[in-house]
Amino acid sequence: MIVNEAPPFKELSLNSYLFNDESLKLYEEYIGKTLLYIQKFLSNRKFYKGDDLEEIRENRQKAKLVDIHTSSPINKALEELNELYIENAIAFHNPTYVAHLNCPITLPSIVAELIATTVNTAVETWDQSISATFIEQEVIRWICNEYSFDENSDGVFTSGGTQSNFMALLMARDHYAFEKFGINIKQNGWSDKVSKFRIFCSEKSHFSIKKNAALLGMGYDAVIPVKVDDKMQMDAEALLLAIEKTKQEGNIPIAVVATLGTTDYGSFDPVKTIGKIAKDQDIWLHVDGAYGGCFVLTDSHKHHFEGVEMADSVTIDFHKTLFQPVSCSAFLAKNKEHFRYVSYYADYLNPIEAKDEERPNLIEKSMQTTRRFDALKVWLTLKTLGTKIIASYLEEVCSLAQQVHKSLVANEAFETAHEPALSTVVFRYKSTNVSDERMHDEVNLFIKNTLFKAGKASVASTKLNGKTYLKFTLLNPKNTIMNLLNIVKMIEETGAEYKPQN
Ligand SMILES: *Cc1c(COP(=O)(O)O)cnc(C)c1O
């Protein structure tokens with residue numbers, strides 16, 4: 001057997017491409033090169049280069065993986081990547097980006113990402129995670145405390161609010177089935193009884209509630225939308241009526257979802273009232289705080305969290321309102337016992353007989369097996385910035401929303417949909433020379449698309465009572481009212497330019 005005669009290209013690839021104690025210099029060099037592209041990404045740039053169909057078609061070709069059977073220098077690949085991706089990427093930190101729930105991210109969180117990715121810890125079993133286990137648990141403990149959840153609570157990091165909401169509905173369903181009917185869904189799978197289970201949430205709740213109900217085999221129809229009041233908050237009376245009606249129809253209410261910070265309006269469902277109803281009905285209370293959850297840190301919004309300790313589970317997205325890179329989200333359960341509905345003991349990973357309180361396996365709380373160490377960025381952010389600075393960022397974006405709203409109310413060219421509850425503003429441009437209601441929808445979409453394609457501003461759109469509205473989602477505390485009013489001005493100018501087709 002010839003052991004020492006490895007082909008030369010293998011030698012080369014072992015030293016040039018894998019991260020290890022011999023490749024540190026190269027690692028530094030790669031990082032240095034990358035930094036140059038990052039500098040370009042930041043230097044006097046619009047939020048978006050702009051939309052050009054020719055170029056989009058070219059980029060589709062440029063993304064193709066051709067000639068990949070042999071190696072090629074990274075400089076070339078990076079240059080191509082820059083042209084294809086970085087130069088075209090949307091810059092969420094740019095103040096003309098006001099569309100979706102993407103935030104500018106903290107510097108410590110980026111450093112933490114670099115460390116977590118380089119060390120490549122998988123927060124899975126103790127023998128893979130060691131102290132990373134404690135860092136994740138500590139961040140979970142911190143946020144549990146903010147929600148007045150006691151030592152009996154626990155949580156886990158997830159890929160996002162959608163996955164967190166999935167875990168909540170799964171727990172709610174399996175817990176109800178087990179407690180009330182002795183049905184063990186985890187072991188035995190579906191039961192006809194479960195077809196009658198119903199989940200309540202406000203009509204303004206996030207679509208992931210319905211989507212997850214479908215993924216859980218319960219279907220969209222298992223989700224009953226409850227009317228909101230004029231502040232876009234769930235109407236508790238309507239919730240009670242809906243629950244009664246469902247029972248009369250022979251179905252079984254099992255859970256209610258209170259949204260803290262609806263995606264479009266930032267509105268907070270009255271969690272205390274809803275919590276009491278959930279207790280009376282003996283059903284699960286899930287709090288979806290994907291957007292609003294971090295505002296528990298602010299003085300201005302803390303009162304909305306009164307009663308939140310009644311929740312059985314909570315979703316909170318740090319990649320939306322804690323200024324963290326994607327992905328970064330947590331799922332909390334008030335009673336840690338309920339994680340048994342997701343836990344699995346695999347012989348090769350975490351055999352139950354090896355359970356050790358001092359050396360926990362986080363995998364027991366997660367849907368995922370191999371999982372990123374996302375908690376590190378929150379931990380480093382908290383230790384560096386502290387919660388006061390984060391709270392001040394959140395207060396600032398809410399204040400900007402109030403100011404924009406005020407100016408829109410005073411402007412005859414606009415109609416607003418709500419009083420901002422958090423940092424979104426929903427409004428529509430109303431052209432004076434358009435009489436047909438439907439035409440206003442077209443004008444607003446025209447405005448949104450024109451500004452986006454020109455790289456001037458990214459504004460979102462949504463629908464309210466069938467009408468199209470524009471939406472600002474403000475998550476950048478460095479934004480200014482001057483800049484936002486300038487976007488409003490561009491909207492007005494673009495709206496005035498609209499010419500009906502044909
Ligand atoms: C964004 C959002 C979600 C989904 O979260 P992802 O992190 O995008 O999966 C769920 N609920 C609400 C209220 C949201 O705003």
Side-chain angles (χ1 to χ4, degrees), residues 90 92 98-103 105 109 143 147 155-170 172 199-216 220 223 225-226 228 231-234 255-271 274 285-296 301 304-305 308 311 313-332 366-368 371-372 374-375 377-378 394 397-398 401 418 420-426 460-462 471-475:
I90 305 293
F92 297 137
V98 290
H100 305 290
L101 282 161
N102 312 96
C103 53
I105 55 181
S109 68
I143 195 68
Y147 278 78
V156 69
F157 270 71
T158 68
S159 60
T162 303
Q163 189 187 107
S164 296
N165 284 343
F166 182 93
M167 289 186 75
L169 298 191
L170 177 126
I199 296 153
F200 300 81
C201 59
S202 106
E203 56 181 327
K204 302 299 175 200
S205 69
H206 192 259
F207 69 83
S208 59
I209 304 299
K210 269 168 80 178
K211 180 172 166 176
N212 285 323
L215 292 173
L216 284 160
Y220 289 168
V223 178
V226 179
V228 293
K231 287 177 163 169
M232 307 290 181
Q233 305 171 342
M234 188 194 284
V256 54
V257 178
T259 307
L260 295 190
T262 55
T263 314
D264 276 346
Y265 307 99
S267 48
F268 286 78
D269 288 340
V271 69
I274 296 172
L285 171 63
H286 175 60
V287 162
D288 182 358
Y291 171 24
C294 291
F295 287 81
V296 72
H301 290 76
H304 289 299
F305 292 80
V308 84
S313 57
V314 173
T315 288
I316 181 163
D317 266 0
F318 301 126
H319 59 212
K320 282 180 181 164
T321 40
L322 205 76
F323 309 99
Q324 299 299 300
V326 175
S327 301
C328 201
S329 175
F331 170 77
L332 314 178
S366 180
M367 292 169 54
Q368 294 166 252
R371 186 160 60 85
R372 285 174 50 79
D374 288 322
K377 49 201 171 197
V378 176
L394 294 175
V397 291
C398 290
H418 68 135
L422 278 179
S423 64
T424 61
V425 191
V426 179
S461 65
T462 189
K471 175 170 83 163
F472 282 0
T473 304
L474 306 175
L475 288 180

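In each ligand, atom 1 is the first atom listed, and ligand 1 is the first ligand listed.
Surrounding NZ of K210 are at most 12 heavy atoms belonging to other residues, nucleotides or ligands under 6.0 Å away.
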Exercise answer, ligand 1 polar atom pairs (N/O) under 3.5 angstrom:
| residue | atom | partner | partner atom | Å |
| --- | --- | --- | --- | --- |
| ligand 1 | 5 (O) | G161 | N | 3.3 |
| ligand 1 | 5 (O) | D317 | OD2 | 3.2 |
| ligand 1 | 5 (O) | K320 | NZ | 3.3 |
| ligand 1 | 7 (O) | G161 | N | 2.8 |
| ligand 1 | 7 (O) | D317 | OD2 | 2.6 |
| ligand 1 | 7 (O) | H319 | NE2 | 2.8 |
| ligand 1 | 9 (O) | G161 | N | 3.2 |
| ligand 1 | 9 (O) | T162 | N | 2.8 |
| ligand 1 | 9 (O) | T162 | OG1 | 2.6 |
| ligand 1 | 11 (N) | D288 | OD1 | 3.3 |
| ligand 1 | 11 (N) | D288 | OD2 | 2.7 |
| ligand 1 | 15 (O) | T263 | OG1 | 2.9 |
| ligand 1 | 15 (O) | K320 | NZ | 3.1 |

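Between K204 and D264 there is no salt bridge, since no side-chain nitrogen of the basic residue lies less than 4.0 Å from a carboxylate oxygen of the acidic one.
No donor-acceptor contact under 3.5 angstrom links the side chains of H100 and T473, judged on distance only. No side-chain N or O of S327 forms a donor-acceptor pair with one of S159 less than 3.5 Å apart.
A cation-pi geometry, defined here as NZ or CZ lying under 6.0 Å from the six-membered ring centre and within 45° of its normal, does not hold between K320 and Y291.
Put simply, CD on Q324 and CG on D317 are 11.5 Å apart, with the number rounded to the nearest 0.5 Å.
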